[in-house]
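Along the sequence shown, the residues carry numbers beginning at 1.
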Amino acid sequence: MTTTVIDVKTHSVIATLPVGDTDESFPVAFSPDGKLAYVINISGNISVIDVKTHSVIATLQVGGLPNRVAFTSDGKLAYVTNTTIANVSVIDVKTHSVIATVQVGGVPNDVNFTPDGKLAYVTNTDIPTISVIDAKTHSVIVTVQVGVNPQNISFTPNGKLAYVTNFDDATISVLDVKTHNVITTVRVGNGATDVAFTPNTELAYVANEGDANISIIDVKAHSVIATVQVENQPKSVTFTPDGKLAYITNSGDATVSVIDVKTHSVIHTVQVGEDPNDVAFTPDGKLAYVTNTGDATVSVIDVKTHSVIATIQVGLFPCIVSFTPDGKIAYVTE
């Protein structure tokens with residue numbers, strides 16, 4: 001399979017990198033300094049790409065069906081969840097080597113570090129639990145029971161709370177990061193699949209794939225204050241950098257819903273390609289890139305006008321789009 005490299009200024013493909021078997025919805029993870037990109041391959045390894053030269057410089061063997069990669073805030077380590085062997089591989093970024101393996105629960109899915117970089121939270125989809133790993137010792141310090149089939153985990157920008165989407169029981173588990181306790185469970189819609197916070201931490205948006213809507217949660221009160229109907233099978237939630245708008249990919253009908261965060265209302269529905277999966281904004285917030293898995297394209301949306309200004313042909317089944325920290329290059333996994 002391949003990773004497509006796009007020049008954001010010209011909206012053109014500048015390189016196609018042969019990597020491994022990336023035929024699932026795996027994101028590219030960039031090191032904090034923007035020099036390296038890690039691409040997951042389902043054959044059990046990671047392709048390490050030099051962003052400056054657009055070349056694969058290393059292939060790291062991890063475990064069975066790796067699923068997510070996250071870097072520590074200092075960029076020295078990367079954690080990889082391995083779904084079929086129930087562990088997390090710890091990679092030394094400087095030496096491109098696995099230095100530790102942490103046993104977690106069955107079928108680990110997502111991994112995310114607390115903003116201070118001290119802890120990693122891992123969702124175990126079939127237990128269902130959260131494994132909390134001490135990033136200094138690479139050991140599980142606590143296992144937290146959450147809802148059924150936990151998928152994604154997101155931290156509030158201040159690092160005090162973690163929200164976990166529980167796909168099979170239509171809930172969000174809210175964890176206190178200091179105590180590692182579930183402090184409340186919020187009822188949302190069916191098929192809760194993604195959660196994202198506004199930059200000011202006041203609100204959380206949850207995509208409910210089964211109900212074709214978005215649950216808006218008041219983070220302070222831990223309660224749903226609005227439900228916004230969107231289109232079929234909303235999959236991902238992404239906020240503009242200024243936090244004023246939320247873009248929702250609707251995989252069931254080839255659209256992106258644009259929600260005004262102030263009014264909690266859909267102000268535009270943008271037609272894109274078939275089966276849109278992911279959306280990412282350039283750091284300046286002017287453009288949104290949308291991967292369309294069904295027709296092998298990326299739609300480029302002008303955020304000011306909410307209109308598609310370019311359609312880029314890429315490889316088959318584009319899943320996740322990620323920008324380098326300087327916003328000049330986009331990587332699309334296929």
Side-chain angles (χ1 to χ4, degrees), residues 1-5 17 19-51 56-105 107-115 117-125 130-133 135 138 150-155 162 194 236 277-278 280 291 318-325 329-334:
M1 303 300 288
T2 60
T3 292
T4 298
V5 183
L17 309 179
V19 288
D21 309 317
T22 53
D23 61 350
E24 297 288 343
S25 299
F26 299 136
V28 174
F30 289 101
S31 56
D33 61 9
K35 293 181 179 180
L36 299 175
Y38 275 38
V39 180
I40 288 174
N41 304 308
I42 61 170
S43 53
N45 56 44
I46 303 291
S47 296
V48 182
I49 298 171
D50 184 307
V51 172
V56 176
I57 59 173
T59 301
L60 311 181
Q61 198 66 34
V62 286
L65 289 177
N67 194 65
R68 290 289 187 272
V69 179
F71 286 92
T72 51
S73 55
D74 60 11
K76 293 181 179 180
L77 299 174
Y79 274 38
V80 181
T81 54
N82 301 305
T83 57
T84 58
I85 53 177
N87 66 25
V88 172
S89 297
V90 181
I91 297 172
D92 184 306
V93 173
K94 187 176 181 180
T95 63
H96 307 306
S97 59
V98 176
I99 60 171
T101 302
V102 185
Q103 201 69 31
V104 290
V107 195
N109 180 48
D110 195 20
V111 58
N112 207 348
F113 284 96
T114 52
K118 293 181 179 180
L119 300 173
Y121 276 43
V122 177
T123 55
N124 303 306
T125 59
I130 302 295
S131 296
V132 181
I133 301 173
H138 312 309
Q151 294 291 307
N152 295 322
I153 188 162
S154 185
F155 293 99
D194 192 29
S236 68
N277 184 74
D278 184 44
T291 55
C319 295
I320 308 293
V321 58
S322 307
F323 289 101
T324 52
I329 300 293
Y331 276 55
V332 179
T333 53
E334 298 140 1

Closest non-hydrogen atoms of Asn112 and Ser154, given as atom of the first, atom of the second and distance, are ND2-CA, 4.2 Å

Can you tell me how far apart OG1 (Thr72) and CG (Leu77) are? Round to the nearest 0.5 Å. 4.5 Å

Test side chain to side chain donor-acceptor pair (under 3.5 Å) applied to His96 - qualifying residues, sequence neighbours left out: none

State whether the side chain of Ser31 and the backbone N or O of Gly75 hold a donor-acceptor pair below 3.5 Å, judged by distance alone. no

Please report the closest heavy-atom contact between Ser131 and Gly105, naming both atoms and the distance. OG-N, 3.8 Å

The single option from Asn124, Thr84, Thr83 passing side-chain contact (heavy atoms from CB on, under 4.5 Å) against Val107: Thr83

CD1/Ile153 to CD1/Ile130 distance, rounded to the nearest 0.5 angstrom? 4.5 Å

List the steps, then state whether side chain to side chain contact (heavy atoms under 4.5 Å, CB included) holds for Val98 with Gln61. CA-CA 8 Å; Val98 176; Gln61 198 66 34; over 6 Å; no

How long is the straight-line distance from CG of Asp92 back to OG of Ser97, given to the nearest 0.5 Å? 5.0 Å

Measure the spacing between OG of Ser73 and NZ of Lys118 and express it to the nearest 0.5 Å. 10.0 Å

Only one of Thr81, Val90, Asn87 clears side-chain contact (heavy atoms from CB on, under 4.5 Å) with Val102; which? Val90

Calculate, to the nearest 0.5 Å, the distance between atoms CZ and OG1 belonging to Arg68 and Thr123 respectively. 8.5 Å

Looking only at heavy atoms, what is the nearest atom pair of Gly117 and Ala135, with distance? O-CB, 3.6 Å

What are the two closest heavy atoms between Gln103 and Ile85, and how far apart are they? NE2-O, 3.5 Å

Applying side chain to side chain donor-acceptor pair (under 3.5 Å), can you list everything that pairs with Asp110, at least two apart in sequence or on another chain? none

Kindly give the heavy-atom pair with the smallest separation between Tyr38 and Val69, and that separation in Å. CD2-CG1, 4.1 Å

Under 3.5 Å: donor-acceptor pair, side chain of Ser236, backbone of Asp278: no

Give the C-alpha distance, both sets of side-chain angles, the deciding distance and a yes or no for side chain to side chain contact (heavy atoms under 4.5 Å, CB included) between Val80 and Asn82. CA-CA 6 Å; Val80 181; Asn82 301 305; 3.9 Å; yes

Please tell me if the side chains of Asn109 and Asn152 come closer than 4.5 Å, counting only heavy atoms from C-beta onward. yes

If I take atom OG from residue Ser89 and atom OH from residue Tyr79, how far apart are they, to the nearest 0.5 angstrom? 11.0 Å

Can you name the side chain to side chain donor-acceptor pair (under 3.5 Å) partners of Thr125, sequence neighbours left out? none

Could you pull out the closest heavy-atom pair between Phe113 and Ala70, with the gap in Å? CE1-O, 3.5 Å

